[in-house]
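Here the structure comes first, spelled out in structure tokens, and everything after it is commentary.
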Amino acid sequence: MLCSRKMFNFFFRKDVRKILKRKDSDAGERGKALEDLRASLYNELRTSEGAKRQQQRVCGPTVALSFNFLVAVGIILMNKLVLGRVGFNYPIFLTFIHYSLSWFLMAILNAFSLLPASPPSKSTPFSSLLALGTVMSVSTGLANVSLKYNSVGFYQMAKIAVTPTIVLAEFVFFRKKVSFQKVLALAVVCVGVAVATVTDLQFHFFGACVALAWIIPSAVNKILWSNLQQQENWTALALMWKTTPITLFFLVTLMPWLDPPGFLSFNWNFTNTTAIILSAVFGFLLQWSGALALGATSATTHVVLGQFKTCVILLGGFILFGSNPGSTSLCGAIIALAGMSVYTYLNLVNPKHLPNKSSPIKAPFSLAKSKLSKENGICDENCGAESV
């Protein structure tokens with residue numbers, strides 16, 4: 001009894017009550033700081049500026065280009081399988097299936113509030129989104145038509161013309177200049193790819209016309225994707241969500257002109273349907289990874305990545321599988337890789353930093369983070385100025 005009375009008196013001493021009150025106050029402040037950080041992080045993810053910053057943190061240039069490289073190799077082989085061995089001779093309808101599945105997957109993300117927020121409608125005019133959706137449908141549709149009628153080598157050869165088209169278009173419309181060293185490196189890349197693919201130039205006359213018509217829409221498509229993301233705070237998924245319905249509409253208008261009739265009479269068995277669905281999944285991943293790469297780098301770098309993919313496939317088949325593309329193609333691939341290495345080195349030596357737009361959300365986010373850091377005895381760059 002005496003022991004319990006002493007304990008009771010101890011806990012009600014004035015100094016002990018102060019210590020307990022101070023601990024409760026510290027716990028309350030820390031909990032409030034955590035709530036502020038959680039609220040700031042939520043706001044960071046639910047605005048276009050915050051979503052853009054999150055995309056830049058998670059998916060930098062290296063990750064975006066690697067992701068796009070792997071998917072691009074897969075979809076070219078998959079589409080060639082679908083259009084060739086499976087016998088699905090409807091390239092525009094195949095593109096329509098790709099974008100339909102993409103829209104369906106993004107609708108699921110939107111239903112669960114996982115789709116990044118879009119910038120305010122006033123910041124980007126609808127004409128820009130309409131132009132992007134239009135050229136995207138024309139570019140992707142013509143690319144699949146070209147793959148149907150031409151060999152992969154001729155398809156890659158047509159891509160060479162996209163590089164100077166992008167450089168010229170960006171100079172004419174945006175006054176964007178490319179250094180003389182980069183122009184020489186790009187010229188070496190183009191010559192190397194041309195030499196590497198010269199032995200695989202099987203093409204159809206109609207397919208050659210389609211490949212030529214595809215060059216300008218492809219260049220404009222890459223330029224618009226890059227500029228809208230880098231200047232208007234668009235993320236890849238948010239821009240895809242806004243432009244996919246426009247693309248689907250224009251693909252429907254292209255079907256009667258470029259697709260033969262009778263796609264409903266196609267043999268929709270399990271094997272063929274599975275191959276087409278897998279191709280559509282690759283299509284969604286290609287569109288997403290391509291948008292990420294264009295947002296993280298530039299239109300010209302994205303084209304150089306596509307040409308790098310061609311050379312890697314050619315050299316990889318020779319080294320790993322013993323294929324013999326010929327000494328001319330191998331020399332061309334090595335020349336192209338050398339040009340790409342110089343182009344990459346020039347970009348690393350003279351990086352072009354994009355101006356970051358200020359955001360009203362950044363201040364409270366940093367403040368809450370700084371408060372937590374101080375309470376835990378950790379001082380970051382925000383509280384470093386206050387320390388003595």
Side-chain angles (χ1 to χ4, degrees), residues 61-62 64-66 68-69 72-73 76 139 142-143 146 150-201 203 208 211-227 230 290 293-294 296-318 325-352:
T62 303
L65 292 172
S66 302
N68 184 245
F69 170 77
V73 173
I76 287 182
S139 172
L142 292 180
S146 177
N150 304 317
S151 64
V152 176
F154 188 84
Y155 174 78
Q156 297 296 338
M157 182 72 78
K159 273 189 174 181
I160 297 175
V162 177
T163 304
T165 304
I166 289 176
V167 173
L168 179 61
E170 288 186 330
F171 174 75
V172 172
F173 295 105
F174 302 103
R175 297 302 176 187
K176 183 178 179 180
K177 297 180 180 180
V178 180
S179 65
F180 180 71
Q181 293 89 343
K182 288 186 180 181
V183 171
L184 286 180
L186 291 173
V188 171
V189 171
C190 293
V191 171
V193 173
V195 174
T197 56
V198 72
T199 58
D200 184 26
L201 295 182
F203 64 94
L212 292 175
W214 164 79
I215 293 171
I216 293 179
S218 177
V220 175
N221 181 39
K222 295 179 187 300
I223 292 172
L224 289 177
W225 269 105
S226 182
N227 287 343
Q230 294 179 3
L294 286 167
T297 57
S298 66
T300 307
T301 301
H302 189 250
V303 175
V304 172
L305 174 69
Q307 295 167 345
F308 171 74
K309 169 197 61 188
T310 304
C311 298
V312 168
I313 291 176
L314 193 148
L315 293 175
F318 173 74
S327 58
T328 302
S329 297
L330 291 176
C331 290
I334 294 173
I335 292 172
L337 289 177
M340 293 171 198
S341 301
V342 174
Y343 177 80
T344 304
Y345 171 76
L346 293 173
N347 281 333
L348 293 175
V349 171
N350 299 311
K352 185 175 182 181

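Just so it is clear, the model here is predicted, and its values are computed rather than measured.
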Minimal non-hydrogen separation, Ala299 against Ser226, with atom names: N-OG, 4.1 Å
Shortest non-hydrogen separation from Pro61 to Thr297 and the atoms involved: CB-CG2, 3.9 Å
Distance-minimising heavy-atom pair for Ala169 and Ile223: CB-CD1, 3.7 Å
Side chains of Leu65 and Phe69 in contact at under 4.5 Å (non-hydrogen atoms): no
Close side-chain approach of Leu294 to Gln230, heavy-atom, < 4.5 Å: no
From OG1 (Thr300) to CD (Glu170), nearest 0.5 Å: 5.0 Å
Thr301 side chain reached by Asn347 side chain, heavy atoms, under 4.5 Å: yes
CG-CE distance between Leu186 and Met340, expressed to the nearest 0.5 angstrom: 10.0 Å
Geometric cation-pi criterion, Arg175 with Phe173: 6.0 Å, 45°: no
Any residue meeting ring-ring contact (aromatic ring centres under 6.0 Å, His included) with Trp225, in chain and number order, not counting sequence neighbours: none
Separation between CD1 of Ile216 and OG of Ser139, rounded to the nearest 0.5 Å: 12.0 Å
Steps toward side chain to side chain contact (heavy atoms under 4.5 Å, CB included) verdict (Val188, Val342): CA-CA 10 Å; Val188 171; Val342 174; over 6 Å; no
Side-chain heavy-atom pair Gln307, Thr163 within 4.5 angstrom cut-off: yes
Close side-chain approach of His302 to Ile166, heavy-atom, < 4.5 Å: no
Audit row: Ile215, Leu212, side chain to side chain contact (heavy atoms under 4.5 Å, CB included) steps and yes/no: CA-CA 6 Å; Ile215 293 171; Leu212 292 175; 4.2 Å; yes
Note, Asn68 side chain near Leu305 side chain (heavy atom, < 4.5 Å): yes
Test log, rule side chain to side chain contact (heavy atoms under 4.5 Å, CB included), inputs Trp214 and Val162: CA-CA 9 Å; Trp214 164 79; Val162 177; 3.9 Å; yes
Stepwise side chain to side chain contact (heavy atoms under 4.5 Å, CB included) check, Lys176 with Ser298: CA-CA 11 Å; Lys176 183 178 179 180; Ser298 66; 4.0 Å; yes
